[in-house]
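Structure record follows, encoded as structure tokens.
First the proteins, then the strands, lettered A, B, ... as listed; each starts at 1.
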There are 2 protein chains.
Amino acid sequence: MTTTTSTSPATAHADIRVAVSTVIFSLRREPGRERPSVVIPLVRRTRAPHEGQWALPGGWLGADEDLEMAASRTLRETTGLAPSFLEQLYAFGAVDRSPTRAVSIVYWALVREDVSARPAPENVAWFDATSLPALAFDHNQIVEYALWRLRNKVGYSRIAHGLLPELFTLADLREVYEAILDRRLDPANFRRQVDTSGTLIPTDGFRTGSHRPARLYRYDHDVELAERGPLPE
Amino acid sequence: MTTTTSTSPATAHADIRVAVSTVIFSLRREPGRERPSVVIPLVRRTRAPHEGQWALPGGWLGADEDLEMAASRTLRETTGLAPSFLEQLYAFGAVDRSPTRAVSIVYWALVREDVSARPAPENVAWFDATSLPALAFDHNQIVEYALWRLRNKVGYSRIAHGLLPELFTLADLREVYEAILDRRLDPANFRRQVDTSGTLIPTDGFRTGSHRPARLYRYDHDVELAERGPLPE
DNA sequence: CCAAAAGTGTTAAACGTACACCCATGA
DNA sequence: TCATGGGTGTACGTTTAACACTTTTGG
């Protein structure tokens with residue numbers, strides 16, 4: 001995958017291990033809070049380095065695994081979750097980021113609220129993404145970057161559904177945006193924006209229970225494809 | 001940099017080599033063409049696999065090198081160039097992308113027109129980015145993705161300077177945009193857009209030679225910092 | 001004086017945003 | 001009937017895009 005021309009002063013392909021980790025976002029509705037909060041699952045490390053500290057779920061890249069496969073696998077193994085969205089975030093490879101040299105290919109993912117609500121395995125806990133403790137390695141920076149990407153991407157793509165069930169109301173959708181962007185959105189303008197985009201399909205269902213019933217929508221999965229540029233792999 | 005919890009079914013940290021390659025963009029003015037074209041340097045492979053085919057400049061990651069350092073180094077070694085812009089593009093790691101397992105961290109870079117005009121080393125040649133021959137490995141896809149990113153980024157950031165010398169006219173700048181986006185832009189509106197952004201500093205110089213002289217500008221380097229989000233490393 | 005690029009002005013459509021208002025339900 | 005969220009209408013400021021027009025040079 002590369003061209004080795006001229007003489008490399010650095011040691012030729014030294015022993016560098018490749019890891020894959022994932023920043024997993026979901027939403028959690030606290031009884032007290034008015035707005036859902038963005039939460040991520042972390043794993044407590046059971047060995048050195050950084051034993052006892054919380055870290056992103058991940059693992060070593062297998063010899064016969066693609067990167068995305070490895071992300072899905074480690075995500076499932078460590079948290080038991082299946083993501084509704086998965087995308088590469090960045091490759092981290094600073095020499096001093098770990099006592100033993102390792103390059104981490106980091107992915108980020110979304111899991112639906114109902115899925116993330118299931119009881120977490122031992123050693124896994126959910127944290128508010130905006131107020132984390134000190135994590136192992138450079139994982140605090142990584143989460144920070146992933147959050148930035150999430151907020152950014154919510155502005156120009158339809159990833160918000162990755163956090164919603166099949167059917168949802170416009171208020172549900174708006175709540176997701178409000179939770180991610182951390183600010184109020186005008187319900188009237190929000191409605192127009194989404195139905196101008198033409199990605200929402202109204203169903204015959206309504207959600208009842210409080211005040212006027214709200215129409216249930218689902219996403220038009222046909223639009224999914226044209227969404228992003230020439231995505232690799 | 002990762003958490004090894006539970007048992008990994010895949011072979012634990014197998015021997016996977018890490019390479020760093022770079023897609024380098026510059027502009028070339030052909031005498032005949034009205035608009036500059038986007039060009040990239042490629043290196044002819046001197047060994048298997050894909051011997052004799054053109055490939056992206058790159059090399060193996062050294063044991064004591066950060067990723068960006070490796071990108072700069074291989075870029076310099078293989079092409080003799082120093083970039084004015086360098087950013088990570090994507091990590092490619094499909095199992096079948098190379099006969100021997102390798103993960104490539106790919107960067108993309110810009111070099112100024114005057115720099116890229118210097119004679120290229122043996123085994124290095126410049127190609128029009130939009131009409132490449134069949135390259136080694138998955139490098140055609142990688143260039144395609146890099147081009148998409150370049151076009152995208154030119155729309156919301158000021159990377160265009162990476163292709164221009166210290167002093168330039170608004171027509172120069174507009175030509176860069178036109179070359180990348182491959183369409184004409186209205187000179188009047190373009191002028192207003194850039195000086196609304198406040199990133200351009202007018203100098204006292206003018207470029208003369210044909211018709212009315214055009215004012216020379218330079219970039220405000222103080223604006224550089226706030227540009228992007230929480231950039232890692 | 002003429003051609004052509006540099007640079008300014010004007011207008012209309014598109015878009016974002018604020019907010020007044022009506023509708024339908026549970027309590 | 002009232003409170004509240006669902007849903008519609010409207011008005012206004014900003015941005016985008018098209019294009020007419022004036023300025024300044026070389027030839």
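Among residue pairs with one or both ends in residues 23-32 of chain B, those qualifying as salt bridge (charged side-chain N to carboxylate O under 4.0 Å, His left out) are Arg29(B)-Glu113(B), Arg29(B)-Glu175(B); sequence neighbours excluded. Applying the ring pair (Phe, Tyr, Trp, His ring centres under 6.0 Å) rule to pairs touching residues 186-205 of chain B yields Tyr177(B)-Phe190(B), sequence neighbours excluded. Pairs of residues two or more places apart, or lying in two chains, that qualify as side chain to side chain donor-acceptor pair (under 3.5 Å) and include a residue from residues 206-218 of chain A are Asp172(A)-Arg207(A).
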(message) Apply ring-ring contact (aromatic ring centres under 6.0 Å, His included) to residues Phe85(B) and Trp108(B) and explain how you reach the verdict.
(response) CA-CA 8 Å; Phe85(B) 172 87; Trp108(B) 68 290; 5.0 Å; yes
(request) Could you please spell out the steps behind the side chain to side chain donor-acceptor pair (under 3.5 Å) verdict for Arg192(A) and Asn189(A)? (result) CA-CA 5 Å; Arg192(A) 268 180 294 253; Asn189(A) 296 329; 3.1 Å; yes
(request) Evaluate the criterion salt bridge (charged side-chain N to carboxylate O under 4.0 Å, His left out) for residue pair Glu122(A) and Arg44(A); output intermediate values, then yes/no. (result) CA-CA 9 Å; Glu122(A) 183 67 13; Arg44(A) 191 192 290 277; over 6 Å; no
(request) Run the numbers on Phe168(A) and Tyr219(A) for ring-ring contact (aromatic ring centres under 6.0 Å, His included), then give the verdict. (result) CA-CA 9 Å; Phe168(A) 52 88; Tyr219(A) 268 100; 5.1 Å; yes
(request) Go through Lys153(A) and Tyr156(A) one step at a time and tell me if the side chain to side chain contact (heavy atoms under 4.5 Å, CB included) criterion holds. (result) CA-CA 6 Å; Lys153(A) 193 144 190 167; Tyr156(A) 64 85; 3.9 Å; yes
(message) Leu170(B) vs Leu200(B), test: side chain to side chain contact (heavy atoms under 4.5 Å, CB included). Steps then yes/no.
(response) CA-CA 10 Å; Leu170(B) 287 180; Leu200(B) 241 44; 3.6 Å; yes
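Along DNA chain C, the stretch of nucleotides lying under 4.0 Å from any heavy atom of chain A spans, 5' to 3', dT17(C) to dG26(C). The footprint of chain B on DNA chain D, defined by a heavy-atom cutoff below 4.0 Å, extends from dA17(D) to dG26(D).
Here the shortest heavy-atom pairing between Ser116(B) and Val111(B) reads CB-CG2, 3.7 Å.
Near DNA chain D, meaning a heavy atom under 4.0 Å from it, residues 165-172 of chain B has no residue at all. The stretch residues 201-217 of chain A touches DNA chain C through Thr208(A), Gly209(A), His211(A), Arg212(A), Pro213(A), each having a heavy atom under 4.0 angstrom from the strand. Of the residues in residues 181-189 of chain B, those with a non-hydrogen atom less than 4.0 angstrom from any atom of DNA chain C are Ala188(B).
Applying the salt bridge (Lys or Arg N to Asp or Glu O under 4.0 Å) test to Asp182(A) and every residue at least two apart in sequence or in another chain returns Arg35(A). With sequence neighbours left out, the salt bridge (Lys or Arg N to Asp or Glu O under 4.0 Å) criterion links Arg112(A) to no other residue. Take Arg174(A) and apply the salt bridge (Lys or Arg N to Asp or Glu O under 4.0 Å) test, not counting sequence neighbours, and it matches Glu178(A).
Not one N or O on the side chain of Thr79(B) forms a donor-acceptor pair closer than 3.5 Å with the backbone of Arg76(B).
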Show which side-chain atoms of residues 124-136 of chain A pair as donor or acceptor with protein atoms under 3.5 Å away, not counting sequence neighbours.
unit_1, atom_1, unit_2, atom_2, d
Asp128(A), OD1, Thr130(A), N, 2.8
Asp128(A), OD1, Thr130(A), OG1, 2.6

